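Each remark here refers to the structure printed beneath this line.
Atoms considered below: every heavy atom in the structure, side chains included; atoms not considered: hydrogens, waters and symmetry mates. Treat the numbers as computed from the prediction; the structure is a model and nothing was measured.
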Amino acid sequence: MKSVCFYFQVHQPYRVKRYRIFDVGNDPEYFNDRGESDLNNRKIIEKVAAKSYTPTTTLLLELLRRHPELRVSFSFSGVALEQLERYAPHVIDLFRRLIETGQVEILGETYYHSLAFFYSPAEFERQVTA
């Protein structure tokens with residue numbers, strides 16, 4: 001019998017806003033453009049949660065309940081979890097419900113979804129175990 005491994009990787013990088021020399025000392029938020037640009041992290045994570053994470057996770061939850069033999073794997077970057085916790089906590093709850101089925105395996109992931117292992121095995125290990 002053939003088998004398929006479903007592996008879902010959850011990552012949303014922080015967008016760095018345009019930061020000018022005049023902003024130094026006046027604006028401590030390097031990562032959040034509160035405007036209407038595509039650098040507004042809140043707007044991006046809310047949009048991605050609504051269009052992707054919520055419907056996909058809801059569907060997976062339904063499929064896992066209907067098919068107890070089905071298994072899936074997930075990895076979560078720390079920055080994705082930070083943003084979901086801050087701006088879309090209902091998605092974190094959906095992921096918890098998935099995990100509670102016992103049919104989900106969580107895989108290790110670096111905090112920033114980085115390629116740290118290319119440059120520093122110690123930094124890679126720190127990010128995966130943190």
Side-chain angles (χ1 to χ4, degrees):
M1 181 165 116
K2 295 185 181 192
S3 61
V4 177
C5 177
F6 291 104
Y7 166 52
F8 299 94
Q9 193 171 52
V10 179
H11 173 61
Q12 285 297 313
Y14 280 112
R15 276 61 176 191
V16 181
K17 72 179 181 182
R18 184 170 177 240
Y19 203 78
R20 301 167 306 156
I21 188 69
F22 304 109
D23 295 326
V24 174
N26 295 316
D27 183 0
E29 287 197 53
Y30 303 104
F31 295 107
N32 202 19
D33 182 350
R34 296 185 188 278
E36 296 301 315
S37 79
D38 61 351
L39 300 176
N40 183 319
N41 291 300
R42 177 185 205 124
K43 286 180 66 173
I44 291 169
I45 198 75
E46 287 174 346
K47 179 180 174 181
V48 172
K51 289 188 170 196
S52 178
Y53 295 141
T54 301
T56 302
T57 307
T58 302
L59 176 61
L60 278 172
L61 193 55
E62 180 184 323
L63 289 170
L64 291 175
R65 286 182 179 145
R66 278 194 288 168
H67 301 279
E69 72 283 2
L70 183 62
R71 303 285 188 267
V72 297
S73 298
F74 275 86
S75 71
F76 302 93
S77 71
V79 292
L81 291 175
E82 273 182 15
Q83 292 176 82
L84 288 169
E85 184 176 56
R86 188 171 185 188
Y87 302 125
H90 68 281
V91 175
I92 299 280
D93 183 55
L94 283 171
F95 287 137
R96 278 192 185 114
R97 290 172 49 202
L98 270 180
I99 293 164
E100 288 169 357
T101 67
Q103 295 164 260
V104 177
E105 178 182 18
I106 303 300
L107 304 174
E109 166 79 60
T110 57
Y111 196 84
Y112 299 99
H113 191 66
S114 71
L115 300 174
F117 64 90
F118 279 128
Y119 304 103
S120 171
E123 174 60 15
F124 174 77
E125 185 176 332
R126 187 185 71 73
Q127 285 189 37
V128 171
T129 58

List in chain and number order the residues that pass side chain to side chain contact (heavy atoms under 4.5 Å, CB included) with Gln9, two or more places apart in sequence or in another chain; answer none if no residue qualifies. Tyr7, Ser75, Glu109, His113

Give a yes or no on whether Leu94 and Ile45 share a hydrophobic cluster (residues Ile, Leu, Val, Met, Phe, Trp, Tyr; joining criterion: side-chain heavy atoms under 4.5 Å apart). no

Search all heavy atoms of Thr101 against all heavy atoms of Leu61 and return the closest pair with its distance. CG2-CD1, 3.9 Å

Kindly compute the distance separating SG (Cys5) from CZ (Arg71), expressed to the nearest 0.5 Å. 12.5 Å

Between Leu107 and Val4, is there shared hydrophobic-cluster membership here, with clusters defined by ILVMFWY side-chain heavy atoms closer than 4.5 Å? no

Would Phe76 and Leu84 count as a side-chain contact (heavy atoms from CB on, under 4.5 Å) if you check the C-alpha gap in whole Å, the side-chain angles of each, and the deciding distance to 0.1 Å? CA-CA 11 Å; Phe76 302 93; Leu84 288 169; 5.8 Å; no

Return the minimal non-hydrogen interatomic distance between Ala50 and Pro55, and the atom names on each side. O-CD, 3.3 Å

Basic-acidic side-chain contact under 4.0 Å: Arg86, Glu82: no

Under the side chain to side chain contact (heavy atoms under 4.5 Å, CB included) rule, collect the residues that match up with Pro13, sequence neighbours excluded. His11, Arg15

Side-chain heavy atoms of Phe8 within contact of Thr57, under 4.5 Å: no

What residues, two or more places apart in sequence or in another chain, satisfy side chain to side chain contact (heavy atoms under 4.5 Å, CB included) together with Tyr112? Val79, Ser114, Gln127

From Lys47 NZ over to Lys43 NZ, what is the distance, rounded to the nearest 0.5 angstrom? 8.5 Å

Scan residues 88-100 for pairs that pass side-chain hydrogen bond (donor to acceptor under 3.5 Å, both in side chains), counting only residues two or more places apart or in two chains. Thr54-His90

Holding to salt bridge (Lys or Arg N to Asp or Glu O under 4.0 Å), I want the full list of residues that pass it with Glu69, two or more places apart in sequence or in another chain. none

Start with the C-alpha distance between Leu70 and Phe6, add both sets of side-chain angles, then the distance that settles side-chain contact (heavy atoms from CB on, under 4.5 Å), and finish with yes or no. CA-CA 9 Å; Leu70 183 62; Phe6 291 104; 4.2 Å; yes

To the nearest 0.5 Å, how far apart are OH in Tyr111 and CG in Leu81? 7.5 Å

Compute whether any side-chain donor of one residue and acceptor of the other, for Tyr53 and Gln12, lie under 3.5 angstrom apart. yes

Would you please test Glu62 and Arg65 for salt bridge (Lys or Arg N to Asp or Glu O under 4.0 Å) and show each step? CA-CA 5 Å; Glu62 180 184 323; Arg65 286 182 179 145; over 6 Å; no

Who passes side chain to side chain contact (heavy atoms under 4.5 Å, CB included) against Ile99, sequence neighbours left out? Val104, Ile106

Looking at CG of Asn41 and OH of Tyr87, how far apart are the two atoms once the value is rounded to the nearest 0.5 Å? 6.5 Å

